[in-house]
Amino acid sequence: MSAEHSPAARTAATHCAYCALQCATVLRHEGREGGEVTVRPADPVDGGLCRKGWTAPEVLRAPDRLRTPLLRGADGELAPADWDTALDFVAGRLRELRAAHGADAVGVFGSGGLTNEKAYQLGKFARVALGTSRIDYNGRFCMSSAAAAGNAAFGLDRGLPFPTADLGHADVIMLAGANPAETMPPLMRHLTRAELIVIDPRRTRTAELAALHLQPVPGTDLALALGLFHLAVTEGHLDKRYLDERTTGFDEAWQRALPWWPERVESVTGVPVAEQRQAVRMLAEAGRRYVLTGRGAEQHSKGTDTVAAFVNLSLALGLPGREGSGYGCLTGQGNGQGGREHGQKADQLPGYRMITDPAARAHVAGVWGVDPDSLPGPGVGAYQLLDSLGTPEGPRALLVFGSNPVVSAPRAGHVTDRLNALDLLVVADFVPSETAALADVVLPVTQWAEEEGTLTSLEGRVLRRRPVLDPPPGVRTDLEVLHGLAVRLGQRPDRFPTAPRAVFDELRRASAGGRADYAGISYERLDTGEELYWPCPAADADPTAPHPGTPRMFLDRFAHPDGRARFAAVEHRDSAEAPDARLPLYATTGRVLAHYQSGAQTRRVPELAAAAPEAFVEVHPDTAARCGLAEGALARVVSAHGAVVARVRHAPALRTDTVFVPFHFPGAGRANLMTGAALDPVSGMPEFKLAAVRLEAWQEAS
Ligand SMILES: Nc1nc2c(c(=O)[nH]1)N[C@H]1C(S)=C(S)[C@@H](COP(=O)(O)OP(=O)(O)OC[C@H]3O[C@@H](n4cnc5c(=O)[nH]c(N)nc54)[C@H](O)[C@@H]3O)O[C@H]1N2
Ligand SMILES: Nc1nc2c(c(=O)[nH]1)N[C@H]1C(S)=C(S)[C@@H](COP(=O)(O)OP(=O)(O)OC[C@H]3O[C@@H](n4cnc5c(=O)[nH]c(N)nc54)[C@H](O)[C@@H]3O)O[C@H]1N2
Ligand code: SF4
Ligand SMILES: [Mo]
């Protein structure tokens with residue numbers, strides 16, 4: 001019998017399991033238990049899916065899918081346990097640790113991969129059920145620099161403050177440190193009309209499509225952006241009227257850019273003067289133009305200032321807050337946008353409110369039914385949190401929801417030691433990730449195709465996730481896990497509902513009046529197919545005229561009280577490390593098409609694992625030869641922090657002073673074994689994109 005005629009066959013209109021593009025998909029389940037799930041793009045004419053999206057259903061049936069809680073026994077091995085035993089054990093240990101060491105002895109690590117409902121509930125669980133300030137999430141490692149710069153410049157941070165499709169009408173787009181041809185392939189259909197200016201030390205697939213490719217020394221984008229700003233001014237491209245009417249702070253910012261004349265910029269960045277001029281001319285003379293940043297510009301110890309410098313450039317040209325032009329950050333994780341709005345960040349409460357703001361505390365405490373004074377203060381950023389685990393000042397227990405820091409955190413060798421020093425590590429996941437393998441308790445949870453909720457895409461649009469099949473027996477949702485723990489910690493059951501819709505309705509109230517206002521968005525509206533972008537406040541007087549949401553922000557005013565965008569007075573500075581005689585090369589890190597993040601999901605898809613089976617290092621052939629390394633040989637990429645074992649891959653168009661290591665692989669191939677712990681002072685972003693290294697030959701047997 002074909003699936004078409006199977007009475008129990010189900011379909012669901014939902015969105016992809018992975019990145020922030022959140023491609024619309026239709027899932028189909030054959031119906032019978034254990035039957036196949038297939039995925040197709042919701043609108044095949046409008047655009048397909050990338051390879052990860054097409055193969056995502058395979059993770060649902062991964063042979064090592066977690067189906068029962070695991071508890072580490074006296075023999076040191078993880079062994080199956082029932083849910084009551086596992087949750088009783090966790091709650092009991094949390095109570096003991098809190099009683100002995102105080103509420104901050106328990107830490108929580110969340111994720112930009114969690115739905116809005118989970119992210120909200122996790123933040124509430126930490127502040128109300130645990131009373132801890134020690135919560136942060138992997139988004140700190142993702143767009144925190146762009147978020148900090150966006151908040152400072154515009155008064156509000158929404159990655160793209162315009163619909164993604166607007167890019168399709170652009171004439172020129174500058175991409176600073178983004179490789180969407182590999183990280184968001186379906187986005188490329190919006191980038192075919194525009195001439196692209198790509199800034200990347202590597203000649204990526206995106207750079208190959210560019211009209212102009214600038215190849216700076218890693219870690220020098222700030223100098224480059226200051227130089228482009230300088231040229232925009234000296235070549236007469238300032239939009240003076242826009243500056244007067246819509247911005248403040250130009251003079252101070254210009255004073256800092258003044259000494260960045262083109263020849264000096266060339267000497268620091270390696271980008272020839274002629275190419276700098278061409279970039280500015282292209283951007284200045286085009287009709288519809290955008291400046292976009294990705295992780296290549298942002299994941300530095302000066303990431304916030306680097307983004308600010310690109311924002312300065314876009315303000316000088318009058319781009320933000322106008323239809324048909326703008327600045328944007330290409331947010332990465334599935335719910336990277338929503339994940340930073342609902343309170344899993346150390347310094348935040350829902351609605352993108354600050355936890356230090358008394359009015360914000362009072363509002364959210366009111367929704368939660370608790371005393372505002374009972375809410376903890378701000379905690380610390382993700383790296384500081386991981387770095388402090390198991391130390392006298394740091395948490396003794398950590399609960400991880402949706403991250404695999406053993407692979408993805410900077411200075412991963414050290415972070416692994418910190419995780420091992422905990423009294424209690426609890427990991428909720430659906431596969432035995434490298435981090436779950438270290439845990440004392442592993443809690444098996446549902447995957448995207450088995451659950452419902454909402455996610456907020458990179459353009460600030462709220463999307464519905466819908467289930468196409470029931471979870472396997474023995475598996476619970478993250479919301480059910482939080483409920484089970486909260487009740488065991490003495491919370492009223494109704495305070496931690498398990499129905500996503502109920503959580504979303506509470507989130508709406510908690511966000512009402514905040515910067516990221518979801519009050520006017522409901523499952524009902526979304527289910528009618530309405531396209532809703534936040535901010536979307538509640539309808540005031542007339543409930544028949546609900547707020548339409550805000551696809552394009554800042555058209556009339558920016559979100560600062562005076563309505564103006566702010567230039568930032570930023571200065572270039574060196575990265576934490578520089579090559580020297582001992583470690584003569586720059587190493588940078590990033591992504592390849594076939595794998596997602598720490599690879600916990602995509603390494604379990606045979607087609608993707610075959611496409612990218614092991615860690616590799618891209619090296620210019622001359623550099624490889626100088627290090628005595630043939631293509632295909634194994635190399636050790638050695639930094640001051642550790643070494644990565646990776647297979648040499650020739651990259652003839654790469655800078656000869658730079659190597660590239662993707663971070664998707666486990667064990668000795670972890671790129672983060674070589675990254676250090678330098679952090680951006682504002683955002684807490686680690687320096688993922690730069691380490692000083694040397695290459696050595698490595699014998700497999702050695
Ligand atoms: N296939 C795939 N797609 C993904 C993901 C994935 O893991 N795999 N993850 C998702 C997530 S969470 C994110 S955050 C996005 C990230 O999306 P991108 O930002 O596009 O990804 P990256 O590869 O981290 O970095 C982009 C580029 O920065 C370059 N770069 C390195 N150092 C520098 C530098 O100093 N300056 C400049 N200008 N460029 C530099 C790298 O060579 C790389 O090509 O992708 C999302 N999509
Ligand atoms: N060197 C280097 N390191 C990097 C980066 C880089 O460019 N270079 N990029 C950084 C960036 S931008 C990011 S976003 C991070 C990402 O790195 P991680 O935070 O490690 O993200 P993932 O690999 O997506 O980990 C998600 C884990 O959670 C599980 N999971 C997925 N969805 C859910 C869910 O809904 N609930 C629960 N409980 N579990 C779930 C998955 O199975 C997986 O094991 O890596 C950062 N690390
Ligand atoms: S681009 Fe992102 S959302 Fe779209 S199919 Fe690929 S991983 Fe999924
Ligand atoms: Mo990310």
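What you see is a predicted model; the values in this text were computed from it and never measured. In listed order, ligands and their atoms are each counted from 1.
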Exercise. Of the side chain and backbone of Thr204, name the one, both, or neither that has a heavy atom under 4.0 Å from an atom of ligand 1.
Key: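 Side chain only.
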Quiz item: Do Asn116 and Thr454 meet the criterion of a side-chain donor-acceptor pair at a distance under 3.5 Å?
Solution: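 Yes, a side-chain donor-acceptor pair sits under 3.5 Å.
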Practice problem: Consider only side-chain N and O atoms of Thr331 and Arg340, and report whether a donor and an acceptor are under 3.5 Å apart. | Solution: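 There is such a pair between these side chains.
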Quiz item: Below 4.0 Å from any atom of ligand 1, is there a heavy atom belonging to Val592?
Solution: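 Yes, that is the case, since the closest heavy atom of the residue is under 4.0 Å from the ligand.
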N-O pairing of [X] and [Y] below 4.0 Å:
{"X": "Arg295", "Y": "Glu298", "value": "yes"}
{"X": "Glu607", "Y": "Arg51", "value": "yes"}
{"X": "Glu451", "Y": "Arg465", "value": "yes"}

For [X], counting its heavy atoms only, list the atoms of ligand 1 lying under 4.0 Å from any of them.
{"X": "Pro218", "result": "35 (O)"}
{"X": "His300", "result": "34 (C), 35 (O)"}
{"X": "Ile199", "result": "37 (C), 38 (N), 39 (N)"}
{"X": "Ala178", "result": "20 (O), 26 (C)"}
{"X": "Asp221", "result": "34 (C), 35 (O), 36 (N), 37 (C), 38 (N)"}

Quiz item: CE of Met188 to SG of Cys50: how many Å apart, nearest 0.5 Å?
Solution: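 If we round to the nearest 0.5 Å, Met188:CE and Cys50:SG are 13.0 Å apart.
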Practice problem: Show the numbers, then the answer: is there a side-chain hydrogen bond (donor to acceptor under 3.5 Å, both in side chains) between Ser301 and Glu687? | Solution: CA-CA 5 Å; Ser301 59; Glu687 192 119 272; 2.9 Å; yes
Practice problem: Give yes or no for whether the N/O distance cutoff of 3.5 Å, strictly under, is met between Leu593 and ligand 1. | Solution: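 Among all N and O atoms of Leu593, at least one is under 3.5 Å from an N or O of ligand 1.
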Exercise. Check whether any N or O atom of Gly219, backbone or side chain, sits under 3.5 Å from an N or O atom of ligand 1, and answer yes or no.
Key: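 Gly219 vs ligand 1: N/O contact under 3.5 Å present.
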Quiz item: Taking only residues two or more places apart in sequence, or in another chain, which ones meet Tyr596 in a ring pair (Phe, Tyr, Trp, His ring centres under 6.0 Å)?
Solution: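 Tyr596: ring pair (Phe, Tyr, Trp, His ring centres under 6.0 Å) contacts with Tyr18.
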Practice problem: Measure the acute angle between the ring planes of Phe109 and Phe141, then classify it against the limits of 30° and 60° as parallel, tilted or perpendicular. | Solution: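 If you compare the ring of Phe109 with that of Phe141, the planes turn out tilted.
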Quiz prompt | Shell of residues surrounding ligand 2, defined by a 4.0 angstrom heavy-atom cut-off that is strict | solution =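 The answer is Leu114, Lys118, Asn138, Phe141, Cys142, Gln299, Gln333, Gly402, Ser403, Asn404, Ser408, Ala428, Asp429, Phe430, Val431, Ser433, Val445, Asp478, Thr589, Arg591, Tyr596, Gln597, Ser598, Ala600, Gln601, Phe663, Asn672, Phe688, Lys689, counting any residue whose heavy atom sits under 4.0 Å from ligand 2.
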Quiz item: Does Phe310 have its ring centroid less than 6.0 Å away from the ring centroid of Tyr327?
Solution: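 No: the rings miss the under 6.0 Å criterion.
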